[in-house]
Amino acid sequence: MREPLLIEFGTYVCAQGRDIDETASPAYVLFSAEIFAEMQQELQGILRRDRDTFTPEALQTEVAAGIRHFQGCWFQRIDFPAQNLSTVSDRNWVLFDEGGVNTLGGRLTSEDACLLRPWPKWLYVRPLLPDLSDKTIMEVGCANGFFPFRFAELGAKHVTGVEFQRRRHESSVWANEILGWKNLEFKHADFLVDYTIEPHDIIFVSEVVNHMLCPFWGLTRLVALAKEMLILDTGVFESPQHTMELSTGWMPDGKTFSFLSFQISDGLICSYLKLLGLRADEIVKFVEPGAGHILYRINTKQLHERRANGELPENQRRSLTVNLSLPR
Ligand SMILES: C[S@@+](CC[C@H](N)C(=O)[O-])C[C@H]1O[C@@H](n2cnc3c(N)ncnc32)[C@H](O)[C@@H]1O
């Protein structure tokens with residue numbers, strides 16, 4: 001794992017790797033200027049490879065026909081290196097929406113972010129992951145499967161991707177027929193209500209909780225299902241206050257729903273996690289300063305041990321077991 005840098009963040013002042021405020025969680029910068037320069041090189045390398053390896057013949061192949069079949073639902077770039085193709089090889093396949101954090105705080109152009117998404121995210125997520133070789137890992141809200149494919153490449157023991165939009169789910173299943181990962185399973189499910197979803201060692205979730213109809217229920221489920229670690233990557237208000245705002249998007253007819261997005265403050269997220277029984281030192285924050293973006297790496301292992309040992313009050317124990325998770 002990369003050696004993290006300390007950060008002064010809002011009222012949470014850190015020194016020598018230890019919080020001055022004992023009640024606060026440790027906070028680090030998500031990536032420094034030097035690390036960004038390395039990330040930028042890697043990302044430009046991907047775009048350069050696109051240009052260098054592109055051949056019009058590749059667009060006539062069966063794999064290209066398969067990508068075209070899912071045209072309009074490629075929210076993420078999926079690469080097929082053996083075929084010299086990706087889901088952005090033809091500009092008509094690209095969804096020109098950079099998403100929330102893929103410009104890395106405005107450092108990438110919107111066009112590059114759209115062509116790469118979510119490679120920019122992956123470059124800050126990758127160094128924060130533990131060794132996956134003996135871990136089961138699940139991504140909730142995996143869209144076209146980009147992150148599950150990366151986890152499989154890193155040698156995870158087993159990978160699950162959950163997505164509730166049918167076409168996106170089908171596109172990930174199709175992509176894996178080409179890529180051929182055997183220890184990878186995509187599930188078409190609404191994570192909030194599907195209790196057949198099993199706990200995994202690590203749960204990864206990026207820019208999903210804020211789009212859930214019940215974000216706090218989502219957080220509760222995520223913590224309950226993460227046996228060891230929850231990696232929660234999300235847009236936030238960088239504030240210790242308890243605030244929350246809702247934005248919704250509607251089609252021009254004014255009646256047809258398009259999207260919802262909650263913006264929750266860091267203070268409210270941390271207080272809620274505390275209500276679930278997590279200690280401040282079990283929540284480590286990686287902050288993109290000024291960008292309204294925090295990745296939380298949450299150690300859930302001891303929480304489950306405290307629960308199993310009866311150390312939590314009954315109402316906290318029950319909220320993690322009886323109500324929102326599989327009976328054990
Ligand atoms: C903004 S996209 C982020 C995709 C991906 N995590 C990334 O970072 O590129 C959110 C995804 O989560 C999915 N999603 C939202 N709520 C979900 C739920 N309750 N169960 C399963 N998938 C969900 C959406 O359909 C969408 O594909």
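Note that the structure is predicted; figures quoted are calculated from it, not measured. All ligand and atom numbering here is 1-based and tracks the order in the structure. Sequential numbering from 1 along the given sequence is applied to the chain's residues.
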Taking the ring centre of each residue, are Y124 and H293 less than 6.0 Å apart?
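Judged by ring-centre distance (under 6.0 Å), Y124 and H293 do meet the cut-off.
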
With a 6.0 Å cut-off on the ring centroids, do Y296 and F286 count as close?
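They do not qualify: ring centres at least 6.0 Å apart.
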
On the six-membered ring of F146, is R77 placed so that its NZ or CZ lies under 6.0 angstrom from the centre and within 45° of the ring axis?
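Verdict for F146: no cation-pi partner in R77.
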
Is the Lys NZ or Arg CZ of R107 less than 6.0 Å from the centre of F36's six-membered ring, within 45° of the axis?
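Yes, R107 sits over the ring of F36.
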
May I ask you to check whether [X] has an N/O atom sitting below 3.5 Å from an N/O atom of ligand 1?
| X | answer |
| --- | --- |
| C142 | no |
| V140 | no |
| D190 | yes |
| F75 | no |
| E207 | no |

Is the shortest side-chain N to carboxylate O distance from [X] to [Y] below 4.0 Å?
| X | Y | value |
| --- | --- | --- |
| K255 | D253 | no |
| E282 | K274 | no |
| E42 | R126 | yes |

Give me the residue, atom name and distance of the protein heavy atom closest to [atom].
| atom | answer |
| --- | --- |
| atom 20 (N) of ligand 1 | F191 N, 3.0 Å |
| atom 26 (C) of ligand 1 | R168 NH1, 3.3 Å |
| atom 16 (N) of ligand 1 | F164 CZ, 3.4 Å |
| atom 8 (O) of ligand 1 | K121 NZ, 2.5 Å |
| atom 9 (O) of ligand 1 | Q76 NE2, 2.9 Å |
| atom 4 (C) of ligand 1 | G141 O, 3.4 Å |
| atom 24 (C) of ligand 1 | E163 OE2, 3.5 Å |

[X]: numbered ligand 1 atoms lying under 4.0 Å from its heavy atoms:
| X | value |
| --- | --- |
| E139 | 5 (C), 6 (N) |
| A189 | 20 (N), 21 (C) |
| H211 | 1 (C) |

Looking at L276 and Q316, what are the two nearest heavy atoms and their distance?
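In terms of heavy atoms, the two residues are closest at C-NE2, 3.9 Å.
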
Parallel, tilted or perpendicular: which fits the ring planes of F80 and W174, with parallel below 30° and perpendicular above 60°?
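Plane angle over 60°, so perpendicular.
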
Taking the side chain as every heavy atom from C-beta outward, state whether L232 and L295 have any atom pair closer than 4.5 Å.
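The answer is no; the side chains never approach within 4.5 Å.
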
Report yes or no: does a heavy atom of F147 sit under 4.0 Å from some atom of ligand 1?
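Contact present.
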
